[in-house]
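In what follows, a structure is listed as structure tokens, so that the remarks can point back to it.
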Amino acid sequence: MNFPFKNILLGITGSIAAYKSIELIRRLREQGATVKVVLTCAGAAFVTPLTLQAVAGGKVYQDLLNADNELQFSHLDLARWAEVILIAPASADFLAKLSHGMADDLLSTVCLASDAPLKVAPAMNQQMWAAAATQANIALLRQRGAQFLGPAQGVQACGETGLGRLLEPADIVAQLQSSTGLLAHLHIMVTAGATREAIDPVRFISNRSSGRMGFAIAQAAQQWGARVTLVSGVVALPTPFGVQRLDCISAQDMHNTVQQHIAGVAVFIATAAVADYRPATQATEKIKKNTAMLTLTLERSPDILAMVARLQPKPFCVGFAAETQNLRDHALQKLHNKNLDMVAANWVNQADIGFDSLNNALQVFWRGGEQILPKTDKLTLARQLLTLVKQRYGCATGTR
Ligand code: PMT
């Protein structure tokens, strides 16, 4: 995918994380972008203009009231040249300045004079981030259309742990990429992984779903600009960057979680292997092995996908069909019986695809059409499926 911005104005403000802007410039230039750097006075205390000039391949702009600069390429020229203004790192002080519309240095003046989209990657101590004044400034900037990239959670330069770290340069580049992507501004909910249905306090019924297919869809959708809510069963996978993850254990948990967060979701993709049946009762104590036979009575668990497809208005609903025989007939039955917009069917009796494997292959059905997506890794397949979803969603809503 082409990088969406050619002319990037990078503002660097006073934060220890300013050293990461060197790597950031390199990565932006690798994407084919031209980067003009505006360095604040506080930023220059952490990283030198000489270093930045060398990596950016051009002049670093610092002074507002400099007659020579204004003659050559004025603050207004910078403001008009920028296709996007990226402030990384953005200090608490600079956010305060920005939110009040101040113009007492070059960077704040260029921000005020430009109509380019503003992307802000904050970096500060976790307490400064949490401070009511900072949060009020952020809310105001968001309200005016600024997009925040991060901050990330973790150990900070000051030794404290919390929210306030600058995103890694690769993640900032990925966020810029996704902000104009194929699925930009679409809210997508994905269910993934296996549910566990308790028999007693230590035993459960479950299945072999690893969650990889659903996590790959969540990751691909986020990278293409969607706001993604990932409702996950029990898996051992890291949360894809930028994705909101809600963890569940049983089918009932997953049902309740989806129901609570479904408002405003445009596309619902159900990859989770939800237990169809659960023990009708759960023993409160561990069941003793004092009989030769043990009979468990199972009852149907709630059908999450069917519940979502009954909503009025309903999201665009994509079901998965895990089949060991008559894949086409069973997938089409699910499409019609559950009132779905699309079904992605996969074989689950082959060793190298489907459950708990790195690869998969899908046969996708919708009313009046179908497409085979041949075997490949799950992330590639997720992108192919999302391309189809976007096309069909566009047809359904007339927005293509
Ligand atoms: O997780 P991986 O290891 O990567 O494996 C991926 C996968 C094989 C689990 C995935 O590709 C897949 O096929 N997911 C659907 C598994 C399944 O439960 O299929 P089903 O044919 O039984 O269910 C049909 C659809 O209804 C599915 O979208 C399912 O999420 C949904 N469903 C089913 C039962 C239920 N109670 N609630 C549901 O929402």
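Atoms within each ligand, like the ligands themselves, are counted from 1 in listed order.
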Note: P302, heavy atoms under 4.0 Å from ligand 1, region reported as backbone

For atom 24 (C) of ligand 1, which protein heavy atom lies nearest, and how many Å away is it? F320 O, 2.9 Å

So for H330 against ligand 1, with non-hydrogen atoms under 4.0 Å, the contacting part is neither

Under a 4.0 Å threshold between the charged nitrogen and the carboxylate oxygen, would K6 count as salt-bridged to E83? no

Would one find an N or O of S301, backbone or side chain, under 3.5 Å from an N or O of ligand 1? no

Check each atom of ligand 1 against the heavy atoms of A321 and keep those under 4.0 Å away; list them by number with element. 21 (O)

Side chains of N359 and D377: do they bring a donor and an acceptor to under 3.5 Å? no

Provide the number and element of each atom of ligand 1 under 4.0 Å from a heavy atom of D356. 2 (P), 3 (O)

Would you say V120 ends up clustered with V110 if hydrophobic residues are merged whenever their side chains have heavy atoms under 4.5 Å apart, either directly or through other cluster members? yes

Any ion pair linking E197 and R203 (charged N to carboxylate O, less than 4.0 Å)? no

To the nearest 0.1 Å, how far is atom 26 (O) of ligand 1 from its closest protein heavy atom, and which atom is that? K338 NZ, 2.9 Å

N/O of M213 under 3.5 Å from N/O of ligand 1, yes or no? yes

Is the shortest distance from a Lys or Arg side-chain nitrogen in E23 or K20 to a carboxylate oxygen in the other one below 4.0 Å? no

Report yes if some N/O of S209 lies less than 3.5 Å from some N/O of ligand 1; otherwise report no. yes

Any non-hydrogen atom of A273 lying under 4.0 Å from ligand 1? yes

Which of the numbered atoms in ligand 1 are below 4.0 angstrom from a heavy atom of N360? 11 (O)

With heavy atoms of D276 as the reference, note each atom of ligand 1 found under 4.0 Å away. 34 (C)

Any idea which protein heavy atom is nearest atom 20 (P) of ligand 1, and the distance to it? K334 NZ, 3.8 Å

Say whether K378 and ligand 1 are in contact under the criterion: heavy-atom distance to a ligand atom below 4.0 Å. yes

Does ligand 1 have a heavy atom under 4.0 Å from the side chain of L305, from its backbone, from both, or from neither? both

When only distance counts, is G211 in polar contact with ligand 1, meaning an N/O pair under 3.5 Å? yes

Answer with yes or no whether the side chains of S108 and D105 bring together a donor and an acceptor at under 3.5 Å. yes

Which of I188, V190, V308 passes side chain to side chain contact (heavy atoms under 4.5 Å, CB included) with F268? It is V308

Is there a polar contact between ligand 1 and E323, counting only N or O atoms under 3.5 Å apart? no

Over 60° means perpendicular and under 30° means parallel, so tell me whether F316 and Y393 are parallel, tilted or perpendicular. perpendicular

Any nitrogen or oxygen of R208 lying under 3.5 Å from a nitrogen or oxygen in ligand 1? Just yes or no. no

Atom indices of ligand 1 within 4.0 angstrom of A270 heavy atoms, with elements: 27 (C), 28 (O), 30 (O)

In terms of side-chain geometry, is the basic nitrogen of D115 or R80 positioned less than 4.0 Å from the acidic oxygen of its partner? no

Polar contact flag for R212 and ligand 1 (N/O pairs, less than 3.5 Å): yes

Between S301 (side chain) and A275 (backbone), is there a donor-acceptor pair under 3.5 Å? yes

Is any side-chain N of the basic residue among R367 and D341 closer than 4.0 Å to the acidic one's carboxylate O? no

Do any nitrogen or oxygen atoms of G319 come within less than 3.5 Å of a nitrogen or oxygen of ligand 1? no

